[in-house]
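Protein chains get the first letters and strands the later ones, always in sequence-line order, with residue 1 at the start of each.
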Amino acid sequence: MKYKRIKGTRDILPEESWKWQYLEQFITKILEQNNYNLVRTPVFEMTDLFTRSIGEETDVVSKEMYSFTDKSGKNLTLRPELTAPVIRMYIQNNLNQISPVIKLFYIDSLFRQERPQKGRYRQFHQFGFEIIGTPHPESDAEVIQTMVAIYTKLGIRDLKVKLNSIGSRDSRNKYLETLQSALEQHKTKFCSTCQDRMEKNILRLFDCKSQSCQDLLDEFAPPIIDSLSVEDREHFTQVQNFLKISGVDFEVDKKLVRGLDYYTRTTFEITSSLLGAQDAICGGGRYDHLVEDLGGQPTPAVGVACGMERLMLILDQIDTIPARKNKLVYFAVLGENAREKAFEILCKIRNRGVTAEMDFMRRSLKSQMRNAGKKEAHLVAIIGDNEIEENRIILKNMKLGKQQEVTVENIINEILKQLNEVEV
RNA sequence: GUGGGUGUAGCUCAGUUUGGUAGAGCGCCUGGUUGUGGCCCAGGUGGUCGCGGGUUCAAGUCCCGUCACUCACCCCA
């Protein structure tokens with residue numbers, strides 16, 4: 001085989017594509033009810049946008065981006081995440097002038113060059129939403145509550161919301177110094193990647209999977225919560241308060257830090273035990289400095305992103321996506337004159353909003369009926385030259401196994417009538 | 001970048017230990033009296049056994065290499 005899919009990409013086949021459409025429409029509907037507005041941004045941006053926002057030392061930027069130089073010499077990158085492009089759009093189009101607080105959402109493809117595995121691809125999809133313009137804790141709570149509501153309405157029960165606060169930028173910088181000095185003397189006891197991270201991004205030590213490193217952290221690392229300012233703590237308390245009011249169950253995870261540098265104060269993650277190794281289905285948090293870091297006015301914001309492939313893995317397991325419901329009318333045709341008449345009726349009936357199809361293989365009636373059965377047609381119109389001469393068409397109801405003769409003039413109305421009849 | 005697993009028909013997989021003409025189920029196509037689906041029955045279509053080399057009279061099977069896919073680590077959604 002000469003041409004094959006690029007590693008880490010996927011073909012969505014007919015048997016699966018309708019599920020994606022269903023899911024996207026479902027998500028869109030709920031987010032619109034919450035008054036979020038859909039936006040789309042280009043698939044590529046200046047590389048700089050991502051290195052500045054996500055952070056140069058993060059894995060995403062340092063080793064996972066699809067970057068290239070275009071013919072004019074610009075450094076471009078296929079977006080590895082969507083918050084930075086959305087914020088760039090917000091700044092460039094002066095969306096702050098529309099209203100002080102703006103709520104946006106997106107459903108789009110992202111690209112990261114990682115080793116693919118279950119629930120993780122190189123081209124993958126996220127939907128996410130952002131509330132830009134307010135620092136207040138009810139917006140943090142709304143983001144989390146909205147995401148939980150989407151999952152719940154999709155029938156997902158097995159969720160865990162993990163919540164933490166890593167403080168404002170000032171208190172976090174102080175904490176990083178505290179952490180640094182507390183761990184300095186024990187540095188050699190940590191694993192090599194942790195030692196490396198102590199230099200570059202010490203907060204990420206909390207991500208380490210090694211039990212011995214975690215034990216060391218439990219013993220020697222001061223909790224981040226102790227370094228939070230009074231304002232930070234109040235904010236965190238209020239986020240929890242609003243979550244309780246909204247009825248969202250959560251647990252505080254003191255070690256939850258995130259891989260992107262721009263987060264401040266609230267960070268959270270929702271996991272599902274149905275996913276296995278890659279169990280985070282969405283992640284997000286507050287990013288109060290990103291807008292100004294990218295050149296806009298100082299503007300607080302909070303947002304979340306959900307991995308759609310992982311979401312689909314869960315939905316496949318709990319099997320909640322309803323089957324497609326379009327009723328098919330199949331035209332079984334015998335003979336030249338009949339074929340022309342059938343094609344004419346076929347076009348007319350489609351204009352009336354009916355899903356209809358006719359045989360294109362010129363096969364025997366038996367084969368056509370088999371085909372109609374296989375495609376789960378509700379009605380089959382049998383049109384032969386005999387019928388055309390006598391101005392009649394046989395209309396068979398496949399569920400009931402009954403058929404009747406209808407005149408050519410009445411066929412469209414009769415089909416519409418039978419399709420609208422309530423099933424028992 | 002590191003480690004494990006798997007590559008045989010459109011799909012799911014037997015066959016590899018012990019070398020001897022390429023298999024099953026599902027799917028697809030056709031038929032089971034004149035022009036009627038599902039169930040059943042019969043027939044048919046379909047494969048450079050991932051690719052390249054080696055050993056041998058003979059390789060899907062043994063040896064070497066290589067590629068691809070996949071799961072896990074790292075990281076992330």
Paired nucleotide for [N] [Watson-Crick or G-U wobble; both distances under 3.5 Å]:
N	value
rC13(B)	rG23(B)
rG7(B)	rC67(B)
rU48(B)	none
rA72(B)	rU2(B)
rG37(B)	none
rA42(B)	rU30(B)
rA58(B)	none

Considering only atom [atom1], compute the distance from [N] to [M] and round it to an integer number of Å.
N	M	atom1	result
rG44(B)	rA9(B)	C1'	14 Å
rU45(B)	rU18(B)	C1'	35 Å
rC57(B)	rG52(B)	C1'	23 Å
rG10(B)	rC51(B)	P	13 Å
rC39(B)	rA24(B)	C1'	22 Å
rG3(B)	rC74(B)	C1'	12 Å
rC28(B)	rG65(B)	P	44 Å
rG60(B)	rU16(B)	C1'	7 Å

Is there side-chain contact between [X] and [Y], with heavy atoms separated by less than 4.5 Å?
X	Y	value
S168(A)	D288(A)	no
N164(A)	E269(A)	no
P80(A)	I54(A)	yes
F250(A)	K162(A)	no

Minimum heavy-atom distance between [X] and [Y], given as atom pair plus value:
X	Y	answer
S171(A)	S227(A)	CB-O, 3.5 Å
N34(A)	I30(A)	ND2-O, 2.8 Å
A381(A)	I393(A)	CB-CG2, 4.1 Å

(message) Taking the ring centre of each residue, are Y287(A) and Y262(A) less than 6.0 Å apart?
(response) yes
With heavy atoms under 4.0 Å as the rule, sort [X] into base, sugar-phosphate or nothing.
X	value
C306(A)	nothing
A372(A)	nothing
G128(A)	nothing
Q368(A)	nothing

Between [atom2] on [N] and [atom1] on [X], what's the gap in Å once rounded to a whole number?
X	N	atom1	atom2	result
E114(A)	rU2(B)	CD	P	17 Å
Q126(A)	rC76(B)	CD	P	13 Å
L256(A)	rA77(B)	CG	P	11 Å
D359(A)	rG37(B)	CG	C1'	13 Å
M369(A)	rG37(B)	CE	P	6 Å
D59(A)	rC73(B)	CG	C1'	13 Å
L82(A)	rA77(B)	CG	P	12 Å
D279(A)	rC74(B)	CG	P	12 Å

(request) Measure the acute angle between the ring planes of F68(A) and F44(A), then classify it against the limits of 30° and 60° as parallel, tilted or perpendicular. (result) parallel
(message) Below 30° counts as parallel, above 60° as perpendicular, anything between as tilted: where do the rings of F129(A) and F127(A) land?
(response) parallel
Check nucleotides 25-35 of chain B against the protein and report each pair of N or O atoms closer than 3.5 Å, with its distance, or say if there are none.
residue: rC28(B); atom: OP1; partner: K374(A); partner atom: NZ; Å: 3.3
residue: rC29(B); atom: OP1; partner: R363(A); partner atom: NH1; Å: 3.1
residue: rU30(B); atom: OP2; partner: S367(A); partner atom: OG; Å: 3.3
residue: rG31(B); atom: OP2; partner: S364(A); partner atom: OG; Å: 3.3
residue: rG31(B); atom: OP2; partner: S367(A); partner atom: OG; Å: 3.3
residue: rG31(B); atom: O6; partner: R370(A); partner atom: NH2; Å: 2.9
residue: rG32(B); atom: N7; partner: K366(A); partner atom: NZ; Å: 3.3
residue: rG32(B); atom: O6; partner: R370(A); partner atom: NH2; Å: 3.0
residue: rG35(B); atom: O6; partner: N386(A); partner atom: ND2; Å: 2.2
residue: rG35(B); atom: O6; partner: E387(A); partner atom: OE1; Å: 3.3
residue: rG35(B); atom: N1; partner: E387(A); partner atom: OE1; Å: 2.9
residue: rG35(B); atom: N1; partner: E387(A); partner atom: OE2; Å: 2.7
residue: rG35(B); atom: N2; partner: E387(A); partner atom: OE2; Å: 2.9

(request) Output yes when E32(A) and K29(A) qualify as a salt bridge under the 4.0 Å nitrogen-oxygen rule, no when they do not. (result) no
Distances for protein N or O near nucleotides 44-51 of chain B N or O, under 3.5 Å:
none

(message) Using the rule side chain to side chain contact (heavy atoms under 4.5 Å, CB included), only one of I166(A), T267(A), L163(A) pairs with L256(A); which is it?
(response) T267(A)
(message) Against D140(A), only a single residue in R286(A), Q238(A), Q145(A) fulfils side chain to side chain contact (heavy atoms under 4.5 Å, CB included); can you say which?
(response) R286(A)
(request) Would you state whether a donor and an acceptor, one from the side chain of K63(A) and one from the base of rG1(B), lie under 3.5 Å apart? (result) no
(message) With a sphere of 6.0 Å drawn around CZ of R350(A), does it hold more than 12 non-hydrogen atoms of other residues, nucleotides or ligands?
(response) yes
Which protein N or O atoms sit under 3.5 Å from an N or O of nucleotides 68-71 of chain B?
residue: rA68(B); atom: O2'; partner: K4(A); partner atom: NZ; Å: 3.1
residue: rC69(B); atom: OP2; partner: K7(A); partner atom: NZ; Å: 3.1
residue: rC71(B); atom: OP2; partner: K118(A); partner atom: N; Å: 3.4

(request) Would you kindly compare E309(A) and L275(A) by the position of their nearest RNA chain B nucleotide and give the one closer to the 5′ end? (result) L275(A)
